Structures are given as structure tokens and as C-alpha cells.
Protein chains: 2
Amino acid sequence: MAETKVRVRDADATKARILEAAKEEFAKLGLGGARVDEIADRAKANKRMIYHYFGSKEELFKIVLEEAYIDIRTAEQSLDLEHLPPREALCKLVTFTWRYYLENPEFIRLVNSENLHKARHIKESDRLREVSRRFTGMVHDILKRGETEGVFRPGVDPVQLNITIAAIGYYYLTNRFTGSFLFEQDFMAPEALDARLAFNLDTVMRLVEAR
Amino acid sequence: MAETKVRVRDADATKARILEAAKEEFAKLGLGGARVDEIADRAKANKRMIYHYFGSKEELFKIVLEEAYIDIRTAEQSLDLEHLPPREALCKLVTFTWRYYLENPEFIRLVNSENLHKARHIKESDRLREVSRRFTGMVHDILKRGETEGVFRPGVDPVQLNITIAAIGYYYLTNRFTGSFLFEQDFMAPEALDARLAFNLDTVMRLVEAR
DNA sequence: ATCGAAAGTAACTAAATAGTGCGTTACCTG
DNA sequence: CAGGTAACGCACTATTTAGTTACTTTCGAT
């Protein structure tokens with residue numbers, strides 16, 4: 001049988017460790033600030049392996065980013081929003097998005113870094129375009145169903161709504177350091193986090209509900 | 001009289017050129033990616049001058065950031081929102097915020113960079129705390145006035161509202177590169193920009209208006 | 001006019017840092 | 001078990017970069 005013996009050499013495991021370490025390092029310092037030596041150390045791998053498996057720092061970043069996007073979209077798909085009443089579906093999406101950002105802080109930071117570089121790394125990824133289409137379609141369907149049922153007003157642009165749902169969570173978290181200082185309150189205090197989620201749910205609902 | 005002669009040596013002018021060049025470079029590549037040599041070249045100054053006037057790269061970044069914040073808060077103050085009816089005041093604030101981000105793209109990028117570094121550069125600035133307080137107070141007053149007049153519903157948290165107003169503009173612009181790719185539309189097309197502003201005004205108004 | 005201080009320059013250093021050349025070791029297949 | 005292939009590691013290089021040393025030039029006050 002396979003894997004009874006602890007493998008000293010295991011390409012897949014090494015690759016996985018490098019990717020995990022790279023995700024952390026890139027998230028912490030951005031593409032420019034990340035250090036390849038640090039990634040190698042953290043992955044308990046040799047730097048040479050990074051170049052062997054991924055070719056370059058930029059290629060490694062590309063893979064890390066693609067994986068991060070695939071992960072969130074996959075999680076979204078498994079919410080099964082198609083089978084929920086429109087209002088519940090939307091609430092669940094807003095809550096999920098918020099929680100996902102909270103629990104996967106690397107995601108936000110990787111996206112920030114990619115936008116600093118004008119999205120040049122993901123531009124070629126057909127997989128990402130694919131999963132994004134599915135996602136936009138899903139929100140579109142929720143809005144349509146709500147419209148038909150009379151609980152949502154007509155004419156809400158699904159792309160704008162998507163952006164807003166992301167924005168009100170994302171901005172709060174990515175700018176929590178300057179925010180905590182400028183508004184003189186701890187953005188990460190549990191009550192503050194709860195209050196923000198409640199406010200965001202309210203914002204989205206008021207935006208789509210038929211009055 | 002002063003300044004008839006073109007001064008070959010002018011400390012103030014050199015400082016100003018360095019600050020301007022630094023703002024551009026830091027905005028373009030972040031604190032980590034920015035190069036001191038590049039800033040010196042762009043400012044048509046000698047690198048030594050940067051260290052003479054500002055001490056270090058980090059100190060320079062600190063000043064650039066502080067100036068950027070002061071600039072936007074000063075512009076906001078001059079909107080004179082206190083003397084406008086509450087609904088108009090809020091619309092004007094949302095529109096101003098959007099336009100400011102659009103016309104001063106460095107601001108967003110500097111803030112992103114500062115948050116990547118956990119806001120450690122602005123933490124000491126009393127000036128910033130001061131202008132921020134004034135700003136929060138202003139939004140608070142608008143909400144209070146609207147409440148009294150019966151056009152706004154009671155109980156809207158001014159800090160949450162502030163964050164949301166910033167978020168829905170900021171996120172769209174800072175993530176426009178990944179956004180344009182993932183949603184397959186040009187986020188910077190003039191019609192797209194107009195549509196976003198309209199959507200944001202709608203979002204904020206629905207959020208605060210008494211029904 | 002001249003002298004001292006401030007403005008400005010060029011060339012350097014020490015430390016990082018992305019990427020490699022080349023050799024070694026484990027594992028699988030036949 | 002032999003031998004090839006893939007996994008792995010060390011130590012190096014070429015370059016970049018923040019920061020500095022030691023110098024020259026300009027300008028205004030006396």
C-alpha cells in the first residue's frame with residue numbers, strides 16, 4: 001500500500017509546503033516585499049526547489065494568487081444559494097463574504113498586491129474567468145428570483161451589487177489599521193466586527209428590497 | 001523684491017520636488033517597491049538631499065502620507081457641508097469622495113501601502129487625529145440634522161456610514177484591475193464611472209433615508 | 001570682499017537579494 | 001541489483017539598494 005512509509009522525498013508535499021509558505025510571505029509583504037529565501041526557509045525547502053518547480057518569483061506569485069481565487073469561488077459555490085429564498089440567499093452571501101475575508105486575511109492582501117501590479121499575473125488565467133462567470137451568474141439569478149417573487153425591486157445591477165457586497169467588507173478589513181487609528185476605535189474587537197456585519201447586511205437589504 | 005531671480009539653490013523648492021516625486025514613486029510601487037534613487041532622479045535632486053531633509057526612506061514616506069491625508073481632509077472641510085440641507089450634504093460628500101479618489105489616485109495607493117505596514121507611520125501624527133475628528137464630527141452633524149428634520153431615519157452610526165461611503169468608491173477603484181478582468185468590463189470607461197457613482201449615491205441614500 | 005553656513009554633488013560601502021551551477025542522494029523500474 | 005531520473009542542497013554571482021563620506025559651490029550677512 002501507499003504512504004505507509006514516511007517519504008523523505010516527496011515532490012507534491014514539497015510543492016504544497018512552498019505554496020503555503022509563499023502565500024503567507026506574499027500576503028505579509030506583497031510581491032515586492034516578499035523574500036524568496038524567506039519562503040524557502042518557511043517551507044523547509046531549498047530555494048533551488050522553488051526555481052525548479054515554479055521557475056521564478058513571479059510565476060510562484062501567479063500560482064498562489066490563482067489558487068486563492070479558486071478557493072474563495074469554490075467555497076461560494078458550495079453555499080448552494082440557488083436553493084435558498086432570495087433574501088436568505090443574499091444574506092448568506094454577504095455573511096459568507098465577510099467571514100471569508102476575516103478567516104482568510106491572506107486573500108485580501110494578495111488581491112491588493114495584484115492590483116498594485118495592475119492584475120498582470122491573473123490576466124492569462126482562463127480558469128479564473130470561468131469561475132468568475134459562474135459567480136456573477138449566481139448573483140444575477142438571486143436578484144431575478146427576488147424580482148419575480150416581488151421581494152426585490154427591479155433594475156438592480158448584479159455586477160454593481162457584487163462589487164458593493166465585497167467593498168463594504170473588504171475595505172473595512174484591509175484598512176483596519178489606519179481606520180482604527182483615525183476613528184479611534186478597535187476595528188477588530190469582536191463587538192466591532194459584529195456591528196460591521198449587521199450594518200452591511202442592513203445596507204445590502206435596503207439596497208435591493210422592494211419597499 | 002523676492003523671487004525675481006531664478007534661484008539656483010532653493011531648499012524649499014527642492015524639498016517640494018522631493019515630496020512630489022516621492023508621492024508618485026511610493027504610490028506607484030508602495031513603500032517596499034519604491035526606490036530612493038528613482039525619487040532623487042525624478043525630483044531632479046541628489047539622493048543625499050533626501051537624507052539631508054528627511055532622514056530616511058521611512059521618514060519620507062511618513063511625511064508624504066501625512067500630507068496626503070491632510071490634503072483630502074482640507075478639501076472636505078472646504079465643501080462647507082454644514083450649511084447645506086442634510087440630503088444635499090450627504091450627496092455632495094459621496095460625490096466628492098468618489099471624485100477625489102478618481103482625481104488623486106495616489107491617495108488610495110498610499111493608504112493601501114500604509115495598511116500593508118499596519119499603519120505604523122501615521123500612528124504618531126497628532127495632526128491627523130485632529131483633522132479626522134473634525135471630519136467624523138461633520139458627518140455626525142449631517143445625520144443629526146437630517147434626523148431632526150425627519151428626512152433621515154434615526155440610529156445610523158456615523159462611523160459605519162463614513163466607512164461605507166469610502167468603501168464603495170475606494171474598493172471599486174483600487175481593485176479595478178482585477179475587477180475589469182473578472183467581470184469582463186472596463187471599470188474605467190466614462191459610462192462605467194458614471195454608473196458607479198449613481199449606484200453609490202443610491203446605496204447611501206437608501207441606507208439613511210426615512211421611508 | 002569675505003567668510004561661514006547651507007545647498008548640492010559624486011563616488012563609495014555594506015548588506016540584501018533573485019537567480020544558478022553543479023554536485024549529491026534517495027527512490028523507482030526493469 | 002543496477003542505473004537512471006527526479007528530488008534536493010550548498011555555495012556562489014551579479015546586481016541592486018539604502019545610506020554615507022568627503023568634497024565643492026552658492027549665497028547672504030556683515
Side-chain angles (χ1 to χ4, degrees), chain A residues 1-65 113 116-117 120-121, chain B residues 1-65 113 116-117 120-121:
Chain A
M1 58 202 138
E3 308 307 332
T4 40
K5 182 181 168 191
V6 174
R7 293 228 279 168
V8 179
R9 303 196 153 190
D10 187 330
D12 289 343
T14 304
K15 265 189 192 172
R17 285 204 317 280
I18 291 173
L19 278 173
E20 185 56 32
K23 185 160 88 178
E24 289 170 25
E25 176 77 0
F26 284 134
K28 193 171 159 199
L29 297 162
L31 172 60
R35 298 296 161 232
V36 178
D37 283 291
E38 181 61 30
I39 293 171
D41 280 1
R42 221 189 269 239
K44 279 172 201 139
N46 191 278
K47 184 165 56 160
R48 198 71 190 72
M49 289 293 97
I50 292 176
Y51 288 93
H52 182 237
Y53 290 130
F54 300 99
S56 72
K57 187 184 176 184
E58 298 242 340
E59 283 292 316
L60 177 58
F61 183 74
K62 197 187 278 186
I63 305 288
V64 166
L65 201 71
S113 196
L116 184 62
H117 295 277
R120 67 167 195 263
H121 303 91
Chain B
M1 57 201 142
E3 309 308 331
T4 39
K5 180 182 169 193
V6 175
R7 290 229 281 166
V8 179
R9 305 200 149 188
D10 188 331
D12 289 343
T14 304
K15 265 190 193 172
R17 285 203 318 279
I18 290 173
L19 278 173
E20 185 57 32
K23 184 159 88 178
E24 289 170 24
E25 175 77 359
F26 283 134
K28 193 171 159 200
L29 296 161
L31 172 60
R35 297 297 159 231
V36 178
D37 284 291
E38 180 61 30
I39 293 171
D41 280 2
R42 219 190 270 240
K44 278 171 200 137
N46 190 277
K47 184 165 57 155
R48 195 65 190 77
M49 290 292 95
I50 293 176
Y51 289 93
H52 183 234
Y53 291 129
F54 300 99
S56 71
K57 187 186 177 183
E58 299 242 339
E59 282 293 315
L60 177 58
F61 183 74
K62 196 186 282 188
I63 305 287
V64 165
L65 200 71
S113 195
L116 182 62
H117 296 277
R120 67 167 195 263
H121 302 91

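Because the structure is predicted, anything quoted here is derived from the model rather than measured. Just so it is clear, the values below take in all heavy atoms, side chains as well, and ignore hydrogens, waters and symmetry mates. Each chain gets a letter, A, B and so on, in the order its sequence line appears, and its residues count up from 1.
Distance, Asp12(A) CG to dC8(D) C1': 15 Å, rounded to whole Å. At whole-Å resolution of the value, CD in Glu38(A) and P in dA18(C) are 11 Å apart. Put simply, NZ on Lys57(A) is 16 Å from P on dA16(C), counting in whole angstrom units. At whole-Å resolution of the value, CE in Met49(B) and P in dG19(D) are 16 Å apart. Here the P atom of nucleotide dG21(C) and the OH atom of Tyr51(A) are 13 Å apart, to the nearest Å. Rounded to whole Å, the distance from CD1 on Ile50(A) to C1' on dC10(D) is 15 Å. For the pair Glu25(B) CD and dA18(D) P, the interatomic distance rounds to 9 Å; values are reported in whole Å. The distance between atom NZ of Lys15(A) and atom P of dA6(D), rounded to the nearest whole Å, is 12 Å.
A side-chain donor-acceptor contact under 3.5 Å links Lys57(B) to the backbone of Ala34(B).
The Asn46(A) side chain lies nearest to dG9(D) when the options are dG9(D), dA10(C), dT20(C). In this structure, of dA7(D), dA18(C), dT20(D), it is dA18(C) that holds the atom nearest to the side chain of Val36(A). Taking the side chain of Ala11(B) as heavy atoms from C-beta on, and the options dA7(C), dA18(C), dA10(C), the nearest nucleotide is dA7(C). Here dA18(C) is the nucleotide among dT17(D), dA18(C), dT9(C) with the atom lying nearest to any side-chain atom of Asp37(A). With distances taken from any side-chain atom of Ser56(A) to the nucleotides dG19(C), dA7(C), dA18(D), the minimum falls on dG19(C).
When all heavy atoms of Ile39(B) and Ile18(B) are compared, the pair lying nearest together is CG2-O, 4.0 Å. Scanning all heavy atoms of the two residues, the minimum distance from Val64(B) to Ala22(B) falls at CG2-CB, 3.8 Å.
Arg48(B) comes within 4.0 angstrom of a nucleotide base, judged by non-hydrogen atoms across all strands.
The base of dG19(D) sits with one of its N or O atoms less than 3.5 Å from a complementary donor or acceptor on the side chain of Lys47(B).
Contact annotation: Arg35(A) side-chain N/O to dA18(C) OP1/OP2 distance is under 4.0 Å. For the OP1/OP2 pair of dC8(D) and a distance below 4.0 Å, the side-chain nitrogens and oxygens of Thr14(A) include at least one atom meeting the criterion.
Both Tyr53(A) and Ala34(B) lie close to DNA chain D; mapped to their nearest nucleotides by heavy-atom distance, the more 5′-ward contact belongs to Tyr53(A).
At a threshold of 4.0 Å, the pair Glu58(B)-Arg120(B) counts as salt-bridged, since one of the basic side-chain nitrogens sits closer than that to a carboxylate oxygen. We find that Glu59(B) and Lys62(B) are joined by a salt bridge, their nearest charged nitrogen and carboxylate oxygen being less than 4.0 Å apart.
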